[in-house]
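This is the structure I want to talk about, given as structure tokens.
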Amino acid sequence: MNSKPVVSPSAGLAVAVVAVSAGAILVRLSDAPSSVAAFYRVLFTTLPLASVAAWRYRAEFARIRPRDLAFTVLSGVALAVHFAAWFESLRWTSVAASVTLVQAQPVFVVLGAWLLLRERVTRRMAAGIAVAVAGMASMSLGDSLGVVAIGPRPLYGNALALSGAVAAAGYVLAGRSLRQRISLIPYVTVVYGVCVIVLLAFVLAAGHPLTGYPSREWLLFVGMAAGPGLLGHTVLNWALAHLESSVVSVSLLGEPVGATLLAFVLLSETPMSTTVAGGCVVLLGIYVTAASDRE
């Protein structure tokens, strides 16, 4: 049984949701190429984890089986695609649309598990998927009807966000069983290390410089890692030891809400009515799908 934590898990969870909600705002504030921002976000998250792993978990790396290592590498590649697609989506569409659509990864996890792993899809799961897909279509309705939308190419940005959600689902599916055999720190260190290498390849292939950015950009890069990366996801993993996993999972649906509110306050970005309505439908579909997956 876990000892009673000094900090309230509920309070920690609230802080974590706020931290991950700020991620999209920090990306939007950065003037650096999106692949560069994604690279440094993951790099600065990985460095402290790698230090801890080298100090305390060195022997565990040698015990990782070749097949598990292959799936860990695959998970890291999928995570890199997720970050690259999502960061780029924020250049083209609203924060509200981008963050809501990228949060749809539970829907794609269920679909991927059905297609690739032959896992059963219940009627409630299917209903949740249908609701989420309807919401995704609704979020793009305003642009298709010629209504003025936020972002230079919202449909393109929405498509990138959905691609990021699919890649995130691949990351989850590739690593679904690995955490039963590999400790958290060694696992995320390898995954993040691969992710850094792939993102570096994206940056170099695009011809973007790795240096020469002003101090403001470096502060934003560090903020992306320290806030959403370490404070957000690290605290979420800690909260899982003290709260029901369903509570933590459902709380993540607060990220699109928090990001939208922060975008309104800090960026003066007011989402379209179709984005708000469609986003609510998407979140409902995600909730139904995720809740059904735990039954």
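Sequence positions, counted from 1, serve as the residue numbers for this chain.
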To the nearest 0.5 Å, atom OG1 of Thr93 lies from atom CG of Asn158 at 4.0 Å
When rounded to the nearest 0.5 Å, the distance separating CG of Leu29 from CD of Glu217 is 9.0 Å
Here the pair of heavy atoms bringing Met224 nearest to Arg41 is CB-CG, 3.3 Å
Under 4.5 Å between side-chain heavy atoms, counting indirect links through other Ile/Leu/Val/Met/Phe/Trp/Tyr residues: same cluster for Leu219 and Leu267 or not? no
For Val131, the side-chain contact (heavy atoms from CB on, under 4.5 Å) test, sequence neighbours excluded, returns Val281, Leu284
(message) Please say yes or no: joined through hydrophobic side-chain contacts below 4.5 Å, possibly via intermediate residues, are Val77 and Phe71 part of one cluster?
(response) yes
OG (Ser215) and CG (Leu220) are apart, to the nearest 0.5 Å, by 11.0 Å
Residue set satisfying ring pair (Phe, Tyr, Trp, His ring centres under 6.0 Å) with Tyr156, at least two apart, ordered chain then number -> Trp92
Side chain proximity check, Leu231 to Val15, heavy atoms < 4.5 angstrom
yes
If hydrophobic clusters are built from ILVMFWY residues whose side chains come within less than 4.5 Å, do Val99 and Val265 share one? yes
Value for CG (Leu90) from CG (Leu26), rounded to nearest 0.5 Å, stands at 10.5 Å
The side-chain contact (heavy atoms from CB on, under 4.5 Å) partner of Tyr192 among Leu43, Leu49, Leu47 is Leu49
Residue set satisfying ring pair (Phe, Tyr, Trp, His ring centres under 6.0 Å) with Tyr40, at least two apart, ordered chain then number -> Phe44, Trp218, Phe221
Minimal heavy-atom distance between His82 and Ala167, with the atoms involved, is N-CB, 3.5 Å
Taken in chain and number order and not counting sequence neighbours, the residues that satisfy ring pair (Phe, Tyr, Trp, His ring centres under 6.0 Å) with Trp114 are none
Same apolar cluster: Leu173 and Leu74, side chain cutoff 4.5 Å
yes
For this session: Look at atom OH of Tyr213 and say whether more than 12 heavy atoms of other residues, nucleotides or ligands are closer to it than 6.0 Å.
Result: yes
Shortest non-hydrogen pair, Gly135 vs Val282, comes out as C-CG2, 3.3 Å
For Asp31 and Arg216 the tightest heavy-atom approach is OD2-NH1, 3.6 Å
Worksheet entry | From CA spacing to verdict: side-chain hydrogen bond (donor to acceptor under 3.5 Å, both in side chains), Ser75, Tyr187 | CA-CA 10 Å; Ser75 183; Tyr187 172 71; 3.2 Å; yes
When every non-hydrogen atom of Gly227 is compared with those of Ala19, the smallest separation belongs to O-CB, 3.6 Å
Sorted by chain and number, sequence neighbours left out, salt bridge (Lys or Arg N to Asp or Glu O under 4.0 Å) with Arg63 holds for none
Output for pair (Thr72 OG1, Ile64 CD1), nearest 0.5 Å, gives 6.0 Å
Shortest non-hydrogen pair, Gly232 vs Ala16, comes out as O-CB, 3.4 Å
Rounded to the nearest 0.5 Å, the CG atom of Leu160 sits from the CG atom of Leu155 at a distance of 11.0 Å
> Is there a donor-acceptor pair closer than 3.5 Å between any side-chain N or O of Glu269 and the backbone N or O of Val95?
Replying inline: yes
- Message: Are Val133 and Leu162 linked, directly or through intermediate hydrophobic residues, by side-chain heavy-atom contacts shorter than 4.5 Å (ILVMFWY only)?
- Response: yes
For this session: Taking the side chain as every heavy atom from C-beta outward, state whether Tyr171 and Val191 have any atom pair closer than 4.5 Å.
Result: yes
So side-chain hydrogen bond (donor to acceptor under 3.5 Å, both in side chains) across residues 97-112, not counting sequence neighbours, yields Trp86-Ser98, Ser89-Ser98, Gln103-Glu255
For this session: Tell me, with the steps shown, if Phe39 and His208 meet side chain to side chain contact (heavy atoms under 4.5 Å, CB included).
Result: CA-CA 11 Å; Phe39 167 72; His208 298 311; over 6 Å; no
*Do Leu200 and Leu210 pass the side chain to side chain contact (heavy atoms under 4.5 Å, CB included) test, and can you show the C-alpha distance, the side-chain angles, and the key distance before you say yes or no?*
CA-CA 9 Å; Leu200 176 60; Leu210 288 169; 3.7 Å; yes
